[in-house]
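Report on one structure; see the data block that follows.
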2 protein chains.
Amino acid sequence: MRHLNYNHLQYFWTVVRKGSIAKASETLHLTPQTISGQLKLLEDSVGHALFHRVGRGLVPSEMGQVVYQYADEIFSLGAELAQRVKSGDEGVPLTLNVGLVNSIAKLISYRIVQPALELEAGLKVVCNEGRLETLLADLAIHKLDIVISDRPIPTGLNVRAFNHALGESPIAFFAQPRTAIHAAKKFPRSLHQAPMLMPVEANALRQGLDDWFDQIDVSPKIVAEFDDSALLKAFGEAGTGIFPAPAAITEEVERMYHVRCIGIADGVTESYYAISPERKIKHPAVASITEIARSKLFSA
Amino acid sequence: MRHLNYNHLQYFWTVVRKGSIAKASETLHLTPQTISGQLKLLEDSVGHALFHRVGRGLVPSEMGQVVYQYADEIFSLGAELAQRVKSGDEGVPLTLNVGLVNSIAKLISYRIVQPALELEAGLKVVCNEGRLETLLADLAIHKLDIVISDRPIPTGLNVRAFNHALGESPIAFFAQPRTAIHAAKKFPRSLHQAPMLMPVEANALRQGLDDWFDQIDVSPKIVAEFDDSALLKAFGEAGTGIFPAPAAITEEVERMYHVRCIGIADGVTESYYAISPERKIKHPAVASITEIARSKLFSA
DNA sequence: GATGATTGTTCGGTTTAATCGAGGTCAAGT
DNA sequence: ACTTGACCTCGATTAAACCGAACAATCATC
């Protein structure tokens with residue numbers, strides 16, 4: 001590869017984020033055939049296939065996922081720069097910098113963060129998605145005030161920070177309506193050998209699900225693994241397979257992704273944590289986030 | 001600004017790194033007039049001047065320095081991605097990931113790191129430059145094994161890490177031969193009102209120099225401040241002003257930048273630290289780096 | 001001070017690369 | 001079978017990046 005073309009990379013990034021060339025073409029104000037062509041050029045330059053063309057959709061290849069991780073960081077920085085430049089270096093208002101682990105459903109993230117917007121008038125919330133390690137690194141140098149995660153701080157990291165449990169939600173399975181109707185009968189045995197979309201192995205939820213499958217002696221066929229839960233659901237919508245999501249947001253998931261709930265993985269839950277630099281939470285907005293999450297969010 | 005153009009940004013980044021459009025044009029395999037034009041487009045898009053045109057050279061404006069910081073992170077990631085992609089995800093050999101704060105001279109950095117290359121056969125050293133805060137964040141999540149800095153860990157950062165003093169070097173002043181001959185007479189009084197290039201205020205060395213100037217009652221005219229010491233020296237070579245550098249590398253600085261030593265700032269020194277995640281250093285390469293630095297490097 | 005080398009800039013015309021429109025293929029739903 | 005919605009291929013078109021030539025400013029040197 002001679003030169004990394006950042007235009008190509010940006011198209012690639014958008015396509016993965018949006019889940020398809022067609023959707024990406026809208027946000028980029030380009031025609032699909034242009035993006036398709038440019039993607040091919042990127043693949044040539046990289047020397048590896050970035051996508052597996054499956055059915056009428058695209059699934060990022062292993063290499064594609066690696067590239068996506070980098071692209072994500074790169075264009076987050078680019079967006080930050082654009083913001084900084086546009087605002088003309090004006091004084092920052094009261095800002096809450098939140099880090100959100102991208103393996104959590106965006107809807108859950110939204111529900112957790114949303115109270116901060118309501119309670120504090122004039123508060124500006126800056127959301128920052130990424131892998132937990134990256135976010136904790138930013139927390140350590142005070143680029144973030146709080147990190148919302150689905151697992152506590154990993155051991156072995158030299159970051160001084162503290163966990164605050166927010167609550168947990170049971171896990172349900174979803175699929176396209178037609179598939180869901182079939183699978184709902186004889187659940188959970190119907191999941192045996194069924195095409196399944198799963199979080200990557202490192203994910204906490206993945207561990208829980210693997211154990212559960214073991215326990216009930218059911219082996220689904222894992223057709224794809226995802227780092228980002230929004231991406232996972234996008235593939236679920238496309239019909240690539242059955243996918244898990246928190247039962248707490250069943251309604252929204254069904255509406256947004258045109259899928260139906262199949263059933264609940266009994267005993268498997270996803271937990272949520274707020275991670276802050278101090279044991280005692282000081283930032284008022286952070287305090288209200290954790291308090292409301294604990295009292296209301298997962299009480300159902 | 002509608003869209004951040006990463007081509008333009010890359011040209012800008014290269015120009016700042018190399019110190020001039022002319023030098024950048026060589027490494028980019030483009031003609032100067034192209035780069036000049038593209039830079040202007042970037043400035044239009046950003047809405048602020050990125051350079052002050054001074055003499056026949058370019059000096060990054062305040063906004064330019066901000067943009068440069070971001071560009072640096074962005075293209076470091078890009079380079080990392082290109083590397084990762086090219087190597088085809090091969091297994092990593094024994095690797096030492098070193099972080100170098102960009103305010104210390106590259107030559108000093110080289111001398112400190114170099115022993116690791118000699119002692120361990122087949123060791124691959126990956127160098128990573130940046131601001132101390134960023135590097136410490138990477139150290140916390142084990143992306144780096146060691147950070148070489150000119151100051152100890154700042155208080156208030158939630159990173160668990162430990163300082164290991166390596167030694168110190170006196171500070172000397174340098175300038176173009178013609179200027180140096182004049183200034184060497186009646187040094188240090190000759191520095192009064194002389195054009196001076198300095199590190200930014202946050203820098204440890206800057207503090208020491210400011211104190212020293214105060215003490216001997218000399219006020220140089222600070223014409224530019226730098227975050228990156230290589231950049232500072234590049235401007236010094238261009239003749240923008242007199243600049244400070246460690247006396248330990250006087251010979252190399254004179255040869256590389258075509259300048260002469262004026263004199264030594266009596267009592268002002270720059271200190272060097274290795275920062276590691278553990279109090280007791282485990283990594284063998286890290287151990288040899290610190291040991292050799294302590295015993296040989298600054299014994300003169 | 002004149003001189004030559006070096007640097008950045010401005011102005012056209014040229015070349016490269018991105019983009020689109022039209023016409024496919026293939027898979028899934030009705 | 002037929003429609004729909006996805007992606008792909010192939011030319012023509014258009015936008016941009018790029019260069020050559022000529023110029024202005026600066027700085028070291030004579």
Side-chain angles (χ1 to χ4, degrees), chain A residues 2-3 5-12 15-16 18-26 28-45 49-60 175-181 195 234-235 237-241 258-259, chain B residues 2-3 5-12 14-16 18-26 28-45 49-60 175-182 195 234-241 258-260:
Chain A
R2 277 194 59 256
H3 269 322
N5 185 321
Y6 286 83
N7 270 321
H8 296 169
L9 191 62
Q10 192 160 29
Y11 297 161
F12 167 78
V15 167
V16 175
K18 297 292 171 181
S20 77
I21 291 187
K23 290 207 192 87
S25 73
E26 289 171 23
L28 290 171
H29 305 291
L30 292 173
T31 54
Q33 63 269 34
T34 298
I35 298 178
S36 174
Q38 300 290 4
L39 275 186
K40 203 157 298 280
L41 288 179
L42 179 63
E43 288 188 321
D44 283 354
S45 140
L50 262 15
F51 290 105
H52 299 136
R53 338 259 145 172
V54 42
R56 58 183 178 185
L58 299 181
V59 177
Q176 287 188 324
R178 213 179 49 151
T179 316
I181 292 168
F235 282 103
E237 175 178 20
T240 316
H258 311 104
V259 290
Chain B
R2 276 195 63 257
H3 270 322
N5 185 320
Y6 286 82
N7 271 322
H8 296 172
L9 191 63
Q10 192 160 30
Y11 298 160
F12 167 77
T14 310
V15 168
V16 176
K18 298 292 173 180
S20 77
I21 291 187
K23 289 207 194 84
S25 73
E26 289 171 24
L28 290 170
H29 304 292
L30 293 173
T31 54
Q33 62 268 34
T34 298
I35 298 178
S36 175
Q38 301 287 59
L39 275 186
K40 204 157 296 279
L41 288 179
L42 179 63
E43 288 188 322
D44 283 354
S45 142
L50 262 15
F51 289 104
H52 297 136
R53 337 260 146 168
V54 41
R56 61 181 179 187
L58 300 180
V59 176
Q176 287 189 327
R178 213 179 49 150
T179 316
I181 291 169
H182 288 252
F235 282 103
E237 176 178 19
T240 317
H258 311 104
V259 290
R260 292 284 167 277

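Being a predicted model, the structure only gives us computed values, none of them experimental. Here is how names work: the chains are called A, B, and so on, in the same order as the sequence lines, proteins then strands, and each is numbered from 1.
Between the CD atom of B/Q176 and the P atom of D/dT26 there is a distance of 16 Å, rounded to whole Å. In this structure, the CZ atom of B/F12 is 16 Å from the C1' atom of C/dG8, given to the nearest Å. Between B/D44 atom CG and D/dA17 atom P the separation is 12 Å, expressed in whole Å. Distance NZ (A/K40) to P (C/dA18): 15 Å, rounded to an integer number of Å. As rounded to whole Å, 14 Å separates atom C1' of C/dA18 from atom NE2 of B/H3. Taking atom CD1 on A/I35 and atom P on D/dG5, their separation rounds to 18 Å, with Å as the unit. Atom C1' of nucleotide C/dT6 and atom NZ of B/K18 are separated by 18 Å, given to the nearest angstrom. Nucleotide C/dT10 holds its P atom 11 Å from the CG atom of B/L41, rounded to whole Å.
Here B/H258 lies out of heavy-atom contact (under 4.0 Å) with every strand. Contacts of A/F51 with the nucleic acid, taken as non-hydrogen atoms under 4.0 Å apart, are absent.
The side-chain heavy atoms of B/L39 and B/F12, taken from C-beta on, include a pair separated by under 4.5 Å. The closest side-chain heavy-atom distance from B/R53 to B/L58 is below 4.5 Å. For the pair A/I35 and A/Q38, the minimum side-chain heavy-atom distance is 4.5 Å or more. Taking 4.5 Å as the limit, every side-chain heavy atom of B/I21 sits out of range of all side-chain heavy atoms of B/Y11.
Both B/R53 and A/Y11 lie close to DNA chain C; mapped to their nearest nucleotides by heavy-atom distance, the more 5′-ward contact belongs to B/R53.
OP1 or OP2 of C/dA18 lies within a sub-4.0 Å distance of a side-chain N or O belonging to A/N5. For D/dA6, the OP1/OP2 oxygens have no side-chain nitrogen or oxygen of A/S20 closer than 4.0 Å. Regarding contacts with the backbone of D/dA17, a side-chain N or O of B/H8 is found under 4.0 angstrom from either OP1 or OP2. Between A/N7 and D/dA16 there is no side-chain N or O to OP1 or OP2 distance below 4.0 Å.
For A/Q38, taking side-chain heavy atoms from C-beta onward, the closest of the listed nucleotides D/dA28, C/dT19, C/dT10 is C/dT19. Here D/dC8 is the nucleotide among C/dT10, D/dC8, D/dA6 with the atom lying nearest to any side-chain atom of A/I21. Here the nucleotide nearest the side chain of A/A22, chosen from D/dA6, D/dA17, C/dT19, is D/dA6.
In this structure, A/N7 CG and B/H3 NE2 are separated by 9.5 Å, a value rounded to the nearest 0.5 Å.
For the pair B/V259 and B/Q176, the tightest heavy-atom approach, listed with the atom from each and the gap, is CG1-N, 4.0 Å.
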Output one line per pair: protein atom, nucleotide atom from nucleotides 19-23 of chain D, and distance, for all N/O pairs under 3.5 Å.
residue: D/dC19; atom: OP2; partner: B/T31; partner atom: N; Å: 2.9
residue: D/dC19; atom: OP2; partner: B/T31; partner atom: OG1; Å: 3.0
residue: D/dC19; atom: OP2; partner: B/T34; partner atom: OG1; Å: 3.1
residue: D/dG20; atom: N7; partner: B/Q33; partner atom: NE2; Å: 2.4

